[in-house]
Amino acid sequence: MDQRTMLDGPAANWLPRDAAYDTYRLIRTRWVGGGMVLFITAFCIHVLRLPLPEAGLYTLGIVILLYNGILFGVAGRAARADQNQSVLHFRQIMILQVVLDWLSMAVFIHLTGGITSPAIFLFIIHVVLVTIILRGQSPYTYVLFAVVMILLVTLLESIGILPHYQVIPGMNCDLCHNNLYAIAQVVFFSVALFATVFLTNSVMRRLWERERQVMGLLQTTRSISSTLELSIVLENLARGAAEALAVPGASIRILDATGERLTMVASYGLSRVYLEKGPVELSGSYLDREALSGKTVLVDQAEHDPRVQYPKEMAEEGIESILVAPVIGRKPLGVLRAYSNLPNHFTMKDADFLQAIAHQSAAAIENAQTYAALQQVEQQRTQFVRQVTHELRSPVTGAQSLLRVLLHNMAGELTSQQQDIVGRLENRMGTLLELITDLLALAASKSFDQRQELETITLQPLIQAIVESFKHQAVEKDIQLDLTMSETPLRVHATEDGLKRVAENLVGNAVKYTLEGGSVTVNVTKETNCAVLTVTDTGIGIPDEALEKLGEEFYRAPNVRHSGIPGTGLGIAIVKQFVASFGGLMSIQSTVGTGTTITITLPLN
């Protein structure tokens, strides 16, 4: 098994922002604490007339504020470090803060009466803060340190090394020398601190566990909703389940077409040897049959559980306990398993949590399977269109050539009526050939292999060649065709054929739908990290209500249909598909009777 170390203790679940937040929270609290020491000292001495050591308490308050300022500066430098160093530095700062606060608290207790100080139980407030911030056994260690500090203060006062300050009027000053009283106070103080740590830790452990599960569920939701590729969805689910439950491994098995076998489709943290151990037949796996009936199954000791189909292989893999949740959508789909290298690891809360992930998994898997089926259907449709149009192209081209032979009287003289009929037929054949060519281009733009053929292409020479190819057509219509390009070579990740199709359709449409005497301007520029191709014409324009539908296959705007200008309605659809496959964007601005501007933005390679 691919063992992964899981930290225990205060660093177990620390993210940099958590450590920084907790550090700065203590620093902000300490500003208040240091100020309160100065304020309370002044109030108790000058208002309540208590016999407190004024100089010592003022000095303590100033010292607290001073080292808090130093800690604030050190924390600022830690925040600017890289992520790994930042976590380490903030953890060290946190430990230093707790130690300094314990020392300050011990001095404060000594100056306010030692073991008889009414402020002794202020330690509890700090203990709660430490327990919230530091996880594992660390809070008990720091509480033990606090108890030792109080014992030391009490001992030093009782033997006369430290002076005892009597701050409560009327209290017997000999109490600090009374061993029984001192022991009782220390015992009660210790019990209170350790009980506080235990109770706070119990509550926080449940909160941390719930937080971890919620974050795991959120992360799983994000990972499976980020894509519709089935293999990626399944891998994300397996990884998310293992990380959310803090276990070394997880797997997903899906029922095959027969419904009798579970096939491993995704795993995390499992060795190749284990994954290749053999198929899971439902007839031989009571564990999976029980899960597919609709309930989550716990296996506390996998090696000795008769429901397990491969106990020996699990023992060799180091799997001690298993949690199996059914993945059920509109029908049973499979099982989601989590593996632990500890016996009796999983609880019913874990079972409920894994079931929640499995429930999400079912919807994600069904969506991904539907998407995969649609992709396959679209691919088959595209392939069918390519094959049919390719087969049609040759006979149509041949028929068009024969018609041209007749038109040029190469097979004998034709009457004027025959010339007119054959001419119309040749024009129809030209329109049909244009449609076939556009269908082939559209099929190519939708090809799923297109992404594997992308290459680095310099945009300017290609655009210049396309514009040059339309010069003759523009001259025939008395259209001014201009081209301006950035001098800096603009290289994009695309296919040469695809870019040609984009440019041919944009420039060709601009020339086609611009009336005589108009103009077409082509610009190739650079904006930040993108190459921008803009084609502007003074043509017939596109109505606002047609702009939203532009790009749909075979759609032509109403004014275009009524203009009598031939076309297939596939040009913009082809451009849209190719631009999307190249990772670009297309925008269209148009006004009827004024013209159209189409802008293509492609990321630079």
Side-chain angles (χ1 to χ4, degrees), residues 217 220-221 223-225 227-242 244-245 247 249-299 302 305-314 317 319 321-340 346 350-377 379-380:
L217 195 58
T220 302
T221 302
S223 64
I224 63 179
S225 61
T227 179
L228 285 173
E229 292 290 341
L230 183 58
S231 60
I232 300 177
V233 168
L234 295 172
E235 291 293 337
N236 288 341
L237 284 171
R239 183 189 305 109
L245 289 171
V247 293
S251 68
I252 297 178
R253 291 182 180 272
I254 298 296
L255 284 168
D256 65 4
T258 66
E260 297 296 329
R261 175 178 292 185
L262 285 165
T263 304
M264 180 77 73
V265 292
S267 66
Y268 176 79
L270 299 175
S271 68
R272 182 175 297 277
V273 174
Y274 180 77
L275 295 176
E276 295 175 352
K277 66 183 183 302
V280 173
E281 303 286 349
L282 280 183
S283 59
S285 179
Y286 180 80
L287 180 67
D288 294 307
R289 290 206 310 273
E290 187 178 354
L292 287 171
S293 67
K295 61 180 181 179
T296 305
V297 182
L298 284 80
V299 176
D305 197 306
R307 297 174 296 179
V308 176
Q309 187 174 0
Y310 295 99
K312 180 182 177 182
E313 287 78 3
M314 285 192 174
E317 187 72 6
I319 298 173
S321 54
I322 313 171
L323 185 59
V324 187
V327 180
I328 300 177
R330 291 184 291 270
K331 62 179 182 179
L333 300 173
V335 294
L336 172 60
R337 289 188 177 192
Y339 306 95
S340 174
F346 297 108
D350 293 329
D352 293 338
F353 180 62
L354 190 66
Q355 182 59 68
I357 295 180
H359 181 71
Q360 280 191 326
S361 305
I365 290 171
E366 287 183 332
N367 290 339
Q369 287 177 335
T370 302
Y371 175 70
L374 289 174
Q375 277 188 317
Q376 186 176 9
V377 170
Q379 194 169 12
Q380 290 173 348

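This chain uses plain numbering: 1 for the first residue, then up along the sequence. Since we're looking at a predicted model, the values are computed, not measured.
In plain terms, the two heavy atoms of S340 and V247 that are nearest each other are CB-CG1, 4.3 Å. The two residues M264 and L275 come nearest to each other via the heavy atoms CE-CD2, 3.6 Å. When all heavy atoms of V327 and L336 are compared, the pair lying nearest together is CG2-N, 3.8 Å. The two residues P326 and A291 come nearest to each other via the heavy atoms CB-O, 3.0 Å. Across every non-hydrogen atom of A250 and A238, the tightest pair is CB-O, 3.4 Å.
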With a 3.5 Å cut-off and sequence neighbours excluded, list the donor-acceptor pairs that the side chains of residues 352-359 form with protein atoms.
unit_1	atom_1	unit_2	atom_2	d
Q355	OE1	T296	OG1	2.9

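Within the 4.5 Å cutoff, the side chain of V297 has no heavy atoms near those of the L323 side chain. Using a 4.5 Å heavy-atom cutoff, the side chains of Y274 and M314 are in contact. Side-chain atoms of D305 and L287, non-hydrogen and from C-beta on, never get closer than 4.5 Å to each other. Between F346 and V299, the closest side-chain pair of non-hydrogen atoms is not below 4.5 Å. No side-chain heavy atom of V280 sits less than 4.5 Å from a side-chain heavy atom of R261. The side-chain heavy atoms of R253 and T263, taken from C-beta on, include no pair separated by under 4.5 Å. At least one side-chain heavy atom of P332 sits under 4.5 Å from a side-chain heavy atom of L255.
Atom OH of Y310 has more than 12 neighbouring heavy atoms from other residues, nucleotides or ligands inside a 6.0 Å radius.
Applying the salt bridge (Lys or Arg N to Asp or Glu O under 4.0 Å) test to R239 and every residue at least two apart in sequence or in another chain returns nothing. Residues that satisfy the side-chain hydrogen bond (donor to acceptor under 3.5 Å, both in side chains) test with S251, not counting sequence neighbours, are Y339.
A salt bridge is absent between R307 and D288; no separation between the charged side-chain nitrogens and carboxylate oxygens falls under 4.0 Å.
Using modelled atom types, no side-chain atom of E290 and backbone atom of K295 make a donor-acceptor pair closer than 3.5 Å.
Taking CD1 of I252 as the reference point, atom CG of L237 lies at 4.5 Å (rounded to 0.5 Å). R272 CZ to S267 OG: the interatomic distance, rounded to the nearest 0.5 Å, is 9.0 Å.
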message: Checking L262 against V335 for the side-chain contact (heavy atoms from CB on, under 4.5 Å) test, could you report, in this order, the C-alpha distance in whole Å, the side-chain angles of both residues, the deciding distance, and whether it holds?
response: CA-CA 8 Å; L262 285 165; V335 294; 4.2 Å; yes
